[in-house]
Amino acid sequence: MHKTSCEAVLAGLRAFGRWELGLLDRAMSLSEEAVSDYFRLSEGFWGRHPFELRTAVQLLPNEISHECLAQVLRLRRPASEGRLRHRDFYRICLQDHNLLGLIEREGQRELLGPLLVYVLTHELVHVVRFGKYLRLFDASANERRREEDTVHRLAADILTGVSLPRLETVLNFYESRGSMHFAQQ
């Protein structure tokens, strides 16, 4: 599934290993289900608003950030045969090096699983809000900051009912320090 590290290794960035990728698979399933339940999404929602998840070894140089734990990009596929219009999709770019750096700074390896659940839930909330036109993808810096606060509150609300060890620690960390502190080195 994950290609051999190329750009990330060339850039000297840390990337997820087998253990972290296993956590990521479980976190993605949990987050997608929680977000779908919360927004009461139809079975076809993710098919109409597709997204893909990439980790460091799959990121292009312009998709690597030292400022965040993850970001959502909107990309466009050309019209396929039999279709007249192009199709937008979203790419969630996890920043392995920032996530691993945060866990290392906090000295609590067991926080990575719940942190991944929070980050993926947060990014999926963005995808839902873009897909439902609750928020436009292109926004000013001030609008983006307000949107980050809104999405954080929604993600925290979604995850309040999820039973997962150490998830509350992650939510409290975000609440007390803000999302920008997570990625700071």
Which atom names give the shortest non-hydrogen contact between [X] and [Y], and what distance separates them?
X      : Y      : value
Gly113 : Leu23  : N-CD1, 4.0 Å
Val119 : Ala70  : CG1-CB, 3.6 Å
Ala56  : Ala15  : CB-CB, 4.1 Å
Val170 : Leu115 : CG2-N, 3.8 Å
Leu167 : Leu159 : CD2-O, 3.7 Å
Arg54  : Leu59  : CB-CD2, 3.7 Å

Under 4.5 Å between any side-chain heavy atoms of [X] and [Y], yes or no?
X      : Y      : value
Tyr38  : Leu154 : yes
Leu94  : Leu24  : yes
Leu100 : Phe16  : yes
His152 : Asp149 : no
Tyr90  : Leu73  : no
Pro114 : Thr169 : no
Arg87  : Pro50  : yes

Who are the salt bridge (charged side-chain N to carboxylate O under 4.0 Å, His left out) partners of Asp157, not counting sequence neighbours?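 By the salt bridge (charged side-chain N to carboxylate O under 4.0 Å, His left out) rule, Asp157 matches no residue at all.
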
With sequence neighbours left out, write down each residue that passes ring pair (Phe, Tyr, Trp, His ring centres under 6.0 Å) with Phe39, or none if nothing qualifies.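 For Phe39, no residue satisfies ring pair (Phe, Tyr, Trp, His ring centres under 6.0 Å) once neighbours in sequence are set aside.
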
Phe45: partners by ring pair (Phe, Tyr, Trp, His ring centres under 6.0 Å), with sequence neighbours left out: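 By the ring pair (Phe, Tyr, Trp, His ring centres under 6.0 Å) rule, Phe45 matches His49.
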
Selection residues 27-40 - residue pairs positive for salt bridge (charged side-chain N to carboxylate O under 4.0 Å, His left out), sequence neighbours left out: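 As it turns out, there is no salt bridge (charged side-chain N to carboxylate O under 4.0 Å, His left out) pair with a partner in residues 27-40 once direct neighbours are skipped.
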
Would you list the pairs meeting salt bridge (charged side-chain N to carboxylate O under 4.0 Å, His left out) in which at least one residue belongs to residues 89-98, sequence neighbours left out?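 Residue pairs passing salt bridge (charged side-chain N to carboxylate O under 4.0 Å, His left out), neighbours aside: Glu52-Arg91, Glu63-Arg91.
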
Yes or no on side chain to side chain contact (heavy atoms under 4.5 Å, CB included) for Leu41 and Lys132, after CA distance, side-chain angles and deciding distance? CA-CA 10 Å; Leu41 301 177; Lys132 290 183 161 225; 3.7 Å; yes

Can you check side chain to side chain contact (heavy atoms under 4.5 Å, CB included) on Phe51 and Glu123, steps first, answer last? CA-CA 10 Å; Phe51 70 90; Glu123 301 308 331; over 6 Å; no

Excluding sequence neighbours, so at least two apart, what forms side-chain hydrogen bond (donor to acceptor under 3.5 Å, both in side chains) with Ser140?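 Listed in chain order: Glu143.
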
For a side chain to side chain contact (heavy atoms under 4.5 Å, CB included) check, start with the C-alpha distance between Arg14 and Gln95, then their side-chain angles and the critical distance, and finish with the verdict. CA-CA 9 Å; Arg14 296 169 61 193; Gln95 306 299 316; over 6 Å; no

Strictly below 4.0 Å, N to O, side chains only: are Arg109 and Glu104 in salt-bridge contact?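 Salt bridge: no.
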
Asp88 and Arg77 ion-paired at < 4.0 Å: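 Between Arg77 and Asp88 there is no salt bridge, as every charged N stays at least 4.0 Å from the carboxylate O atoms.
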
Would you say the side-chain atoms of His97 pair up with the backbone N or O of Ser65, donor to acceptor, closer than 3.5 Å?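 It does hold such a pair.
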
Under the 3.5 angstrom rule, does the side chain of Glu106 hit a backbone N or O of Ile103 as a donor-acceptor pair?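 No, because the side chain of Glu106 does not come within donor-acceptor range (under 3.5 Å) of the backbone of Ile103.
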
What I want to check is whether the side chains of His126 and Gln71 have a donor and an acceptor closer together than 3.5 Å.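 No - no donor-acceptor pair under 3.5 Å links their side chains.
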
Distance check, rounded to the nearest 0.5 Å: [X] atom [atom1] versus [Y] atom [atom2]?
X      : Y      : atom1 : atom2 : result
Thr160 : Leu171 : OG1   : CG    : 6.5 Å
Arg166 : Asn172 : CZ    : CG    : 11.0 Å
Arg26  : Leu116 : CZ    : CG    : 10.0 Å
Ile92  : His122 : CD1   : NE2   : 10.5 Å
Trp46  : Ser36  : CH2   : OG    : 5.5 Å
Ser163 : Leu30  : OG    : CG    : 9.5 Å

Give a yes or no on whether Tyr133 and Val72 share a hydrophobic cluster (residues Ile, Leu, Val, Met, Phe, Trp, Tyr; joining criterion: side-chain heavy atoms under 4.5 Å apart).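 No.
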
Tell me, with the steps shown, if Val117 and Met28 meet side chain to side chain contact (heavy atoms under 4.5 Å, CB included). CA-CA 7 Å; Val117 168; Met28 189 71 233; over 6 Å; no

